[in-house]
**Q** 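Here you go, one structure.
Letters A, B, ... mirror the listed sequences (proteins, then strands); counts begin at 1.
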There are 2 protein chains.
Amino acid sequence: MSDHEQSPESRARRVDVARLAGVSPATVSFVLNRTSGQTISDETRQRVLGAVAELGYRPNRAAQGLRQGRSATIGFVSHDVDFGEFSAAAIKGAHEACISQGNLLLLVNTGGSNRQAEHLITDLLDRQADALIFAAVGTRSVLLPDAARRVPTILLNCFAPHDPVPAIVPDEERGGREGTQALLDLGHRDIAYLTGKPAQWATKARLRGFRAALRGAGLNPREHTVLPGNYHADSGYDLVRTLLRRGPLPTAIMCGNDRMAVGALLGLMEAGIRVPEDVSVMGYDDQFQLAAEVRPALSTVRLPYELMGRLAAEQLAGGRPGAPAGRTLVHCPPVMRGSTAAARRSRGA
Amino acid sequence: MSDHEQSPESRARRVDVARLAGVSPATVSFVLNRTSGQTISDETRQRVLGAVAELGYRPNRAAQGLRQGRSATIGFVSHDVDFGEFSAAAIKGAHEACISQGNLLLLVNTGGSNRQAEHLITDLLDRQADALIFAAVGTRSVLLPDAARRVPTILLNCFAPHDPVPAIVPDEERGGREGTQALLDLGHRDIAYLTGKPAQWATKARLRGFRAALRGAGLNPREHTVLPGNYHADSGYDLVRTLLRRGPLPTAIMCGNDRMAVGALLGLMEAGIRVPEDVSVMGYDDQFQLAAEVRPALSTVRLPYELMGRLAAEQLAGGRPGAPAGRTLVHCPPVMRGSTAAARRSRGA
DNA sequence: CTGAAAGCGCTAACAA
DNA sequence: TTGTTAGCGCTTTCAG
């Protein structure tokens, strides 16, 4: 408790510190910023640091920003209607990376509108955002807003075909392949695939991976049922009923995502079919508070959203020096839990 | 395309606009800010506006902020380990309200640590955040970080017992009561409650509501099974199996949240019990992409996270003039879907 | 009706 | 080794 303490209302300014330490304001800056080319005596430094501590002084970043042309702030643009699981995880990852760089996240959500995106990015730039993370929810191709060109930008879970902007994208094809392979390794030779929205990039990539894995095992993809869904849980339920109606079940079912897998689980249980004893079920996403919690716990392919967010922020900050300027593919590893088991029927279907 | 256009690299400054319009920099500000007490001729105004448009001029908000002591930025502090559904929805609501006020959200996540909270809020204040939204994920009592006292703050989904800070909190007791009432209205007289984490505020409040509704219907709460869970889907599953083991099922099951309800659904289906024909199931939260999508679709109690986020931002901005300074209770309305139906057994259990 | 000028709090080149 | 000074881009009081 010192007489010098400011009222809690007003922040101490640099000049207050200088006065208390008996030095000039510039010296305070030199000490605090470790300005290179400046040598400060140890004694002065201690006096300054003491005054800083006593006054609880913190530099005003708006002033610093004005002077230096940077704000220590990264804009995170969520370009989609939805704003759920993915955004939350990606933001968390990006946030953590930012914090350890001394940056903060300025967050906007475009609702999927390009006009709004343009507008909000302008807002971000007005506030001196140093860089942008432009994220979509469903992996897809996007139109990079013009405004984003004025500042370092990285795409997260999307890509701009005609722009040389770096992008972080999950390796969905490999994910589909490895997920399928995990099933093949369990001895499954008859696998149905209940897909997500057929038009989506991720859906197609995963399906390619599925087929590649089958072919790699000497199987003919055409002999495996592929039914189009839409990533909603109820489509998993509906498609399982379709499967049931059509005749004998496959020994394993791959689903477009975990929500569909939960729907499938519900449909199977309702029909008295046991998972994984009678049929194995596999999801995709490893959705937070869902995949690992349902019973049986879902085997799935992990979409590492948080990691992707972190990568984006790190790459922006130049934290990864030799980072590829182009598309970074992130691995989606299979995670095996209780909803899959060795195939019931013997090999050779 | 005019000769006056700046290179895309450098933003036009106010002085550029002034020069192009043939006026002084101050006049530009007067026009743009509609400064009261200043009268600008219509002709001058047009010239200025024309120059602004031509140069694509936008005021530098860091400079404005430095001058005015405000940044048009609200800090959103998510004070919890988790960062999922709730945060996403609340942030979305807060974001929308902020945008329509001309503000942007500066987002931080404390990971639940008070030390980190203090630290991050300081970071926020260094960047001149004008106000704070301090949000928890599970409704609960929090320790308001000292730093937050320096700026208008509103609590979201939490409360600080010993601080006179306004708070937006869901009316969990009423939610529990009305959810139970909906079941009573369907003729159910034997209702089991699979609760969330017993120690949590929300759990207790919902349970109070449950009991109040039963008493209101002339029933004795003690005759109804209450089993403690933990808000995870698997606890719903496990508790249903406990229920099954104990003897005849109740006609309806209330769950701590939707995830538990999904677990319960899975457990019931597995046991060959039909929902809602044999037993009705009710969730809580109306979780995005879950409650409405599972089959049968979950009847539940809607926790309006997005609305709460919006309310917080509006209240901060003074958008709601006569707003209560204290705790704002937000209504959680029951939403009836396919997982509930009229009680199988006749009244009088 | 319009312009000049004084800062907001800070950094950094230059002087001492 | 430390202090002086000129801005960063803007708002706003006060004169004209």
**Q** Let's see if you can work this out: which of dT2(D), dA6(D), dC1(C) has an atom nearest to the side-chain heavy atoms of Thr44(B)?
**A**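 Out of dT2(D), dA6(D), dC1(C), the nucleotide with an atom closest to Thr44(B)'s side chain is dC1(C).
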**Q** Verify the contact: side-chain N or O of Thr27(A) to OP1 or OP2 of dT1(D), cut-off strictly under 4.0 Å; return yes or no.
**A** no
**Q** Go nucleotide by nucleotide along DNA chain C from the 5' end; which of Val23(B) and Gln68(B) gets its closest nucleotide reached first?
**A** Val23(B)
**Q** Report the nucleotide, chosen from dG7(D), dT4(D), dG9(C), that has the shortest atom-to-atom distance to any side-chain atom of Ala63(A).
**A**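 The answer is dG9(C), which lies nearest to the side chain.
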**Q** Select one nucleotide: of dG3(D), dG3(C), dT12(D), the one nearest the side-chain heavy atoms of Ser29(B).
**A**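 Output: dT12(D).
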**Q** What is the distance, to the nearest angstrom, from the CZ atom on Arg67(B) to the C1' atom on dG7(D)?
**A**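 Computing the Arg67(B):CZ to dG7(D):C1' distance gives 16 Å.
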**Q** Counting side-chain heavy atoms from C-beta on, which of dC10(C), dA13(C), dG3(C) comes nearest to Tyr57(A)?
**A**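 Of the candidates, dC10(C) comes closest.
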**Q** Mind checking Ser41(A) for me? I need base, sugar-phosphate or nothing, with any heavy atom below 4.0 Å counting as a touch.
**A**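 Result for Ser41(A) = sugar-phosphate.
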**Q** When we call it a touch if two heavy atoms are under 4.0 Å apart, what does Leu66(B) touch: a base, just sugar-phosphate, or nothing?
**A**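 Base contact.
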**Q** Would you kindly give the CG-to-P distance between Leu125(A) and dG9(D), to the nearest whole Å?
**A** 15 Å
**Q** Can you measure Phe30(B) atom CZ to dT12(D) atom C1' for me and round it to whole angstrom units?
**A** 6 Å
**Q** So, applying side chain to side chain contact (heavy atoms under 4.5 Å, CB included) with Cys158(B), which one of Leu143(B), Val142(B), Thr139(B), Ile168(B) is it?
**A** Val142(B)
**Q** So, the side chain of Glu306(B) versus the backbone of Lys92(B): is there a donor-acceptor pair under 3.5 Å, distance only?
**A**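 Such a contact is absent between Glu306(B) side chain and Lys92(B) backbone.
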**Q** Rounded to the Å, how far apart are Glu43(A) CD and dT2(D) P?
**A**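 The distance from CD of Glu43(A) to P of dT2(D) comes to 8 Å, rounded to the nearest Å.
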**Q** Could you tell me whether a side-chain N or O of Asn103(B) sits under 3.5 Å from a main-chain N or O of Ile74(B), the two making a donor and an acceptor?
**A** no
**Q** From CD of Gln128(A) over to C1' of dC8(D), roughly how many Å is that when rounded to an integer?
**A** 9 Å
**Q** Specify the separation, in whole Å, of atom CZ of Arg70(A) and atom P of dC8(D).
**A**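 Value for this atom pair: 19 Å.
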**Q** Look only at the side chain of Gln64(A) and the backbone of Pro59(A), and say whether a donor-acceptor pair between them is shorter than 3.5 Å.
**A**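 Side chain of Gln64(A) to backbone of Pro59(A): no pair is present.
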**Q** With the threshold set at 4.0 Å, does a side-chain nitrogen-carboxylate oxygen contact exist between Arg140(B) and Asp80(B)?
**A**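 Answer for the salt bridge query: yes.
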